[in-house]
Amino acid sequence: MGEAFARLRAGYGAGPRHLLVLLLCFVVTGWVALRVAGEATAGRMLLWFVGAVVLHDLVLFPLYALVDRGLRAAAGVPRRPAASVGVRPAASAPGPDDAGRAAVRLALLNHVRLPALGAGLLFLVYLPGVLGWGADTYRAATGQERTPFLGRWLAVSGALFLLSAVVWVIRWTRWRTVRCSRDPAERG
Amino acid sequence: MPTSDPATGERADPTGGYGVPRRLWRALDRHRPPGTDAVTTGWRSPLRGPRLTSVYGLVLLVTLPLVIVTGLLDYAAYSPQFGQAFPVDVGWLRLPHFDWPTRPAWLFRLTQGLHVGLGIVIVPVVLAKLWSVVPKLFDWPPARSVAQVLERLSLLLLVGGILFQIATGLLNTQYAYVFGFDFYTAHYFGAWVFTAALVAHVVLKLPRLVTALRSRPAGAELRTPRAATRPEPPDPDGLVPTRPGPPTVSRRGAVALVGGGSLMLAALTVGQSFDGPVRRTAWLLPRGHDPGSGPNGFQINRSAAAAGIRPADTGPGWRLTLRGGGRTVTLDRARLLAMAQHTARLPIACVEGWSTTQTWTGVRLRDLAALAGVPDPAAAHVESLERTGLFRRATLQANQVRDPDSLLALRVNGADLSPDHGFPARIIVPALPGVHCTKWVADIDFRTHG
């Protein structure tokens with residue numbers, strides 16, 4: 001028995017449990033596929049299933065990663081591992097002031113990232129309402145007209161950005177006060 | 001450089017990690033498409049690693065079963081034993097048949113509210129989990145054995161499944177049927193594909209999750225600020241980047257960010273399951289809308305106009321037909337109002353997750369059953385005046401007919417039902433899905449056998 005398992009492991013690449021659970025998973029999927037294949041819209045379902053993965057992995061992820069890169073570049077926050085960004089300052093020895101400035105830039109980046117992520121999340125989740133899709137279905141269901149929630153989404157997103165900005169200003173002011181009180185000569 | 005371990009023999013790996021046929025897998029490994037190395041070394045986030053992935057994984061491990069089970073319960077709430085739950089033909093892919101209870105009256109409100117609410121709230125966690133493992137997608141070689149090919153295929157089902165379920169669910173709750181296929185069929189069978197892939201994934205990955213979470217006490221991670229955040233040690237899955245950049249947030253910060261996203265969604269969603277001012281907090285959902293004032297000022301799920309109900313159908317000429325045991329009884333609305341009236345405060349909840357509690361007055365269904373000559377019916381089949389809708393008829397179980405609060409409602413909140421709420425008469429049964437509380441009732445057939 002043990003030898004058979006070892007052979008399976010060498011040939012298949014994993015143990016019997018691995019094979020068993022995956023076969024079970026594919027049996028269920030196959031059964032569902034057979035059941036759904038009779039539907040006239042089966043092709044569309046498959047398209048949406050695969051399309052969802054493609055849209056997330058090859059559109060949404062690259063998109064937000066790219067936006068984040070742009071934000072980092074704009075804020076001047078380095079992406080790459082560099083000697084000067086490690087725990088210890090590099091030979092060129094950026095002073096404590098440089099470190100402070102880097103911290104401010106990083107805080108600024110995060111205070112843009114956070115509301116941007118929030119706004120993006122709300123847009124994704126409440127997309128049909130924001131764009132005013134399904135107004136006919138809504139009318140049939142409720143007898144009421146529906147106005148797109150675009151204004152509402154903009155309002156919530158704007159509030160997120162505003163809140164983030166206010167908190168940042170408070171943090172920045174505090175940071176300046178601390179720095180100035182530490183080194184009054186610097187104020188000039 | 002893998003060396004043999006004579007003690008176990010198992011660790012010995014003369015195959016180089018390749019399955020059969022080794023030549024194929026080795027060749028695949030060697031033929032790296034251009035750009036692969038740039039991608040592999042291009043991942044920068046020092047946060048990525050098994051520990052962060054496991055935190056998100058653990059949250060989903062707790063919440064997803066709840067979403068799955070409440071989804072299956074919602075299917076059961078439609079009494080599939082009468083062939084009236086959609087999709088109808090699901091073979092053995094369902095819970096065993098049982099009579100959906102009428103108590104507690106808020107049962108369906110709870111299960112469906114949880115299903116939709118939790119489903120929305122976990123969206124950020126799902127996105128974060130996918131972000132944390134995205135380097136795996138661009139791994140080269142994509143597989144070193146048949147086992148890895150199969151596992152990757154199951155991951156396609158897992159990721160496709162969760163995204164498909166989220167997308168169709170979100171679109172359905174917001175009335176946007178842009179997908180062009182039947183929602184019930186797609187969402188129900190999609191759930192099974194996802195669940196099967198999830199079970200496989202959990203069985204295969206749970207040990208790794210436990211190891212990763214145990215590798216460092218949670219308290220230590222929570223006390224680590226951004227500046228002290230370090231990449232995890234290299235892991236066998238290659239989630240930890242080879243050349244990590246400086247951290248811009250701590251791990252606790254990343255988790256808090258995702259949690260904050262979930263809280264924000266929760267705050268903008270739960271309102272649809274409550275009455276009063278709280279409802280307005282569902283600011284971006286259709287059911288946060290003000291449904292109007294007065295006794296009939298609550299949510300409508302199908303307007304009389306959409307159902308093709310003409311005023312002539314529901315005027316003085318309207319009659320309710322009761323059938324049972326070979327007997328037929330016809331009643332007008334005045335006769336019904338002259339019968340013993342019962343008032344019950346009951347919630348009505350929709351599959352889309354929203355719900356509302358109202359005070360209904362009407363004739364007990366069991367009184368109507370007795371009048372029809374079937375005091376102890378096994379089921380009651382209710383037909384609406386509506387001619388076309390998917391839910392123009394519904395069969396009620398014995399316990400649903402017998403419940404003292406199960407009514408043929410004629411009035412709501414002290415006023416006659418409005419046309420949109422089912423005038424002249426509608427069904428209201430505790431814990432019954434809203435669409436089975438048939439409106440504009442024309443005919444009730446009390447049956448002695450299911």
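Note on naming: letters A, B, ... go to the chains in the order of the sequence lines (proteins, then strands), and numbering restarts at 1 for each one.
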Cut-off 4.5 Å, heavy atoms of chain B, and the answer for A:Leu8 is neither

Restricting to non-hydrogen atoms, name the atom on B:Ala176 and the atom on A:Trp133 that form the minimum distance, rounded to 0.1 Å.
CB-CB, 3.8 Å

Checking heavy atoms, do the side chain of A:Leu23, its backbone, both or neither come under 4.5 Å from chain B?
neither

Look at the rings of A:Phe61 and B:Trp43 and say which category their plane angle falls in: under 30° parallel, 30 to 60° tilted, over 60° perpendicular.
tilted

Using non-hydrogen atoms and a 4.5 Å limit, figure out which bit of A:Leu117 sits close to chain B: side chain, backbone, both or neither.
side chain

Can you give me the closest heavy-atom contact between B:Pro124 and A:Leu121, atom names plus distance?
CG-CD2, 3.7 Å

Do A:Val28 and B:Thr195 touch side chain to side chain, with heavy atoms closer than 4.5 Å?
no

Report which part of A:Val36 has an atom under 4.5 Å of a heavy atom belonging to chain B: side chain, backbone, both, or neither.
side chain

For the student: nearest non-hydrogen atoms of A:Arg139 and B:Ser303, plus distance:
O-OG, 4.2 Å

Looking only at atom types and distance, does a side-chain atom of A:Thr137 sit under 3.5 Å from a main-chain N or O of B:Tyr175, one as donor and one as acceptor?
yes

Pairwise distance OG1(A:Thr142) to CG(B:Asp420) - rounded to 0.5 angstrom
8.5 Å

Is there a ring-ring contact (aromatic ring centres under 6.0 Å, His included) between A:Trp31 and B:Trp92 once you walk through the steps?
CA-CA 10 Å; A:Trp31 194 88; B:Trp92 38 264; 5.1 Å; yes

Hey, which residues of residues 163-170 of chain A are touching chain B, say heavy atoms under 4.5 Å apart?
none

Are B:Val199 and A:Val21 close enough that some pair of their side-chain heavy atoms sits under 4.5 Å apart?
no

Okay, side chain of B:Gln148, backbone of A:Ala14: is any donor-acceptor separation there less than 3.5 Å?
no

Can you confirm whether B:Phe189 sits close enough to A:Arg35 that some side-chain heavy atom of one is under 4.5 Å from a side-chain heavy atom of the other?
yes

Is chain A contacted by the side chain of B:Leu150, its backbone, both, or neither, given a heavy-atom distance below 4.5 Å?
both

Contact class of A:Ala155 relative to chain B, heavy atoms under 4.5 angstrom:
side chain

Examine whether an atom of B:Val149 lies under 4.5 Å from a heavy atom of chain A, and if so say whether it belongs to the side chain, the backbone or both; otherwise answer neither.
neither

When you compare the side chain of B:Leu265 with that of A:Tyr126, does any pair of heavy atoms fall below 4.5 Å?
yes

Within the 4.5 Å heavy-atom criterion, are B:Thr185 and A:Met45 side-chain neighbours or not?
yes

Minimum heavy-atom separation for B:Asp182 and A:Thr41, please, with both atom names.
N-OG1, 4.4 Å

Side-chain touch B:Val123/A:Leu124, heavy atoms, less than 4.5 angstrom
no

Counting C-beta onward and ignoring hydrogens, is there a side-chain heavy-atom pair between B:Leu163 and A:Leu55 closer than 4.5 Å?
no

Measure the CZ-CZ distance between B:Arg243 and A:Arg79 for me, rounded to the nearest 0.5 Å.
10.0 Å

Is the backbone N or O of B:Phe179 less than 3.5 Å from a side-chain atom of A:Arg44, with the two atoms forming a donor-acceptor pair by type?
yes

